[in-house]
Protein chains: 2
Amino acid sequence: MGKQEANIYEIAREAGVSIATVSRVINHSNAVSEKSYRRVMDAVRKFNYVPNSTARSLSTSTSTSIGVVIPDINNPFFSLLLEGITRVADERGYHVLLFNTAENTDREHQVLQTMREHRLRGIIITPVSEQDPDTMKRLHNFETLGIPVVLLDREVDSQFFDRVVTDDERGVHAAVSELIRVGHRRIAIITGPEASRPGRERLRGYYRALREHGLPVTPAYIRKGDFMVDCAYEQTLALCAMQEPPTAVFSSNNMTTYGCLKAFNELGLRVGADIALVGFDDIDALCWLDYNISVVSRDVPEMGKQAMRLLLQRFESERGERAGARECLPTELLLRGSELLPESGRAH
Amino acid sequence: MGKQEANIYEIAREAGVSIATVSRVINHSNAVSEKSYRRVMDAVRKFNYVPNSTARSLSTSTSTSIGVVIPDINNPFFSLLLEGITRVADERGYHVLLFNTAENTDREHQVLQTMREHRLRGIIITPVSEQDPDTMKRLHNFETLGIPVVLLDREVDSQFFDRVVTDDERGVHAAVSELIRVGHRRIAIITGPEASRPGRERLRGYYRALREHGLPVTPAYIRKGDFMVDCAYEQTLALCAMQEPPTAVFSSNNMTTYGCLKAFNELGLRVGADIALVGFDDIDALCWLDYNISVVSRDVPEMGKQAMRLLLQRFESERGERAGARECLPTELLLRGSELLPESGRAH
DNA sequence: GTGAAAGCGCTAACAG
DNA sequence: CTGTTAGCGCTTTCAC
């Protein structure tokens, strides 16, 4: 029971060399004689030795763990992000410490606090709020301590950090422009939280499209959402109950799209026939279910990968430049028919 | 730049006490005089001191990190599991090191190997295969080293580990029995991989239900699946193309359900009207989309919580008993109409 | 090319 | 109640 892992001393003894030599061998550092090398490797194999990364961390004052802070693992968007992050982290020998804030600011502060105990090599975070001063202070603190921070999808009120975002404004602009092009004039949007970059940018794209096409802004068509199903559902019901309901709805994220569809289904409205719908972020499940919803799509795992790559870059540029890089990935408008004007484009 | 974190020596100096006293204060161990306590706390606040967990780990030969090995973060089932795990881990001061094997045995071995470098306190794993000898050997190895392992949902060919499973056989038995009760006689199943407990158990439940109701087993109605959408889709198409197609299909997991629905949609079959469908594991999205699919449901986050709790139990029972606990959570049959006999139960 | 020795920051006896 | 000291396992000068 409790058979301990072998340590560097046992390997050294077995190989008849000093621990320094063992260390050199397992780190491929310096030159070691052919003979010592072989003897050490034999001992390593014999004892199935694996160096203790905790000790190594303490000794080198560095680590291979990166902290990943996500607001909701169960949202497919974030799990895709996570997939991208872990993919390149793995490839490069880093490990992911996962923290779930559940969109809760207090949890976020707590998480950021406990993260300080760990010798993290870097941090990737999608902050709950972009305006939370406490979170911002803590993140700055990490940077000050030499722990790089990368913001993912959401930003904070600071140009100080590296961040990975997408061209949401342009994507939504393209989508809404297309709605206008096919003939829509009464276009609603269910927004995201104003406190978040994605929410703001997507709304901006909507405004710009209307403006550029000379359409008036109808405040009642702009419904506040929170990126959650329930709220989107309620707002959609409200939209459809209007005297002059919109002919098209733009939904600002994947959950919002579900909420819209839920309401449409309940009202017996067929998307692409009775009402148009375009959403932000693609949803695999909808494709399987033969819902041909047009969406502003982006390569989500790639966003995660980029975030991790940005971090790696910071590691390599030895304390060189300050942060502030901004990776902006493109969006793509995928037209599948749900954008068509009612009566002009029945699905079958 | 690189302003270092304060260490215990600086706090001791500032407070005018020894590092031992500081250690006592921050660990709430032993008794410390009111005065020392206050002086230390003041210093801690002044320097915003947080103890270095790496040093602590090395010193105590223990850690608060648990390794979680998951085959596919993007499957909602696993992200729900993860949510449960992180929830109770957080509450109890543990952190999750996340590893994604992408259902790949080689990746799994690799992951298990790198996990040895870390001083993990425990491991929760849903193994890719239940029969992989290499994985099994490595897991045993962890146990031998005093690192408890909990198997989640899937098992391995060993009674040696703690594990959390659900009563799949019984759940499927209930579901298929219900199908029979409402009049179905030609009931197909799309199975999961035979190499996995869930796949096997669910098939067993199907067999038992048929047997107990005196229905013959029709081999052509038993289609091999792999818990993935594509395969389920193909198999469903094949089923529907039979001379005597089934009147009901049981799908063995969430992805399989999607595959079935995809095929049904493509063939223009309405679930609950033209064909019956019951699946294993509930799917939120389907509810939002007003698909009233009956399912064998279980509390997935609770499974994750239980796994973590089992681990905590092992930590506390100081090297006491050996592993082998088997937590079996119940399943529940949720009837929503999709199980009804064609023609006998139109949705509206 | 190799070994001795000094840490990394903290905990835990062991003396006072 | 408090301080001294010896590690935890590894890396890294610095001599030889």
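So you know, we letter chains A, B, ... as the sequences are listed, proteins then strands, and number each from 1.
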Between P on dG9(D) and NE2 on H118(B), what's the gap in Å once rounded to a whole number? 17 Å
Touch check for V22(B), heavy atoms < 4.0 angstrom, all strands: base, sugar-phosphate only, or nothing? nothing
Starting from the 5' end of DNA chain D, give me the residue, V32(B) or R119(B), whose nearest nucleotide shows up first. V32(B)
Regarding the side chain of A31(A), the nearest nucleotide among dG1(C), dG3(D), dG9(D) is dG1(C)
Counting heavy atoms from C-beta on, name the nucleotide in dC1(D), dA12(C), dC10(D) closest to the side chain of P51(A). dC10(D)
Closer than 4.0 Å, any side-chain N/O of T21(A) to the OP1 or OP2 of dT2(C)? no
Between dT2(D) (P) and I8(B) (CD1): distance, integer Å: 15 Å
Side-chain donor-acceptor contact under 3.5 Å, S196(B) with E130(B): no
Less than 4.0 Å between a side-chain N and a carboxylate O, is that true for D162(A) and R326(A)? no
Looking only at side-chain N and O atoms, does S59(B) come under 4.0 Å of OP1 or OP2 in dC10(C)? no
Any side-chain N or O of S61(A) under 4.0 Å from OP1/OP2 of dC8(C)? no
How long is the line joining CG of N27(A) and P of dT13(D), in whole Å? 13 Å
Please determine if R309(A) and E327(A) form a salt bridge, counting it only when a charged side-chain N lies under 4.0 Å from a carboxylate O. no
Assess, by modelled atom type and distance only, whether the side chains of S33(A) and S36(A) contain a donor and an acceptor separated by less than 3.5 Å. yes
To the nearest angstrom, the CZ-C1' distance between R56(B) and dG9(C) comes to 11 Å
For a quick check under 3.5 Å, do N48(B) and R116(A) share a side-chain donor-acceptor pair by atom type? yes
Between H109(B) and D132(B): side-chain donor-acceptor atoms closer than 3.5 Å: yes
Distance-only side-chain donor-acceptor flag, H118(A) / N52(B), under 3.5 Å: no
Does anything in residues 33-42 of chain A come within less than 4.0 Å of DNA chain D? Heavy atoms only, and list the residues if so. none
Determine: side-chain N/O of N7(B) to OP1/OP2 of dG9(C), distance under 4.0 Å, yes or no. yes
Tell me: CD1 of I19(B) to P of dA12(C), nearest whole Å? 12 Å
Candidate nucleotides dA12(C), dT11(C), dC10(D), ranked by approach to the side chain of A55(A) - the nearest: dC10(D)
Which residue lies toward the 5' end of DNA chain C, Y9(A) or R24(A), if each is placed at its nearest nucleotide? R24(A)
Figure out the CG/P separation between L58(B) and dG9(D), and round it to whole Å. 7 Å
Side-chain N or O of Y49(B) closer than 4.0 Å to phosphate OP1/OP2 of dC10(C): yes
Cut-off 3.5 Å, side chains only: do S79(B) and N74(A) have a donor facing an acceptor? yes
N52(A) CG - dT11(D) C1' separation (whole Å): 13 Å
How long is the line joining CD1 of I26(B) and C1' of dC10(C), in whole Å? 8 Å
Check: V128(A) main-chain N/O paired with E108(A) side-chain donor or acceptor under 3.5 Å: yes
S23(A) side chain near dT11(D) phosphate (N/O to OP1/OP2, under 4.0 Å): yes
Short N-O contact, R163(A) and E155(A), less than 4.0 angstrom: yes
Take the C1' atoms of the five end pairs on each side of the helix from dG1(C)-dC16(D) to dG16(C)-dC1(D), get both axes, and report the angle to 10 degrees. 40°
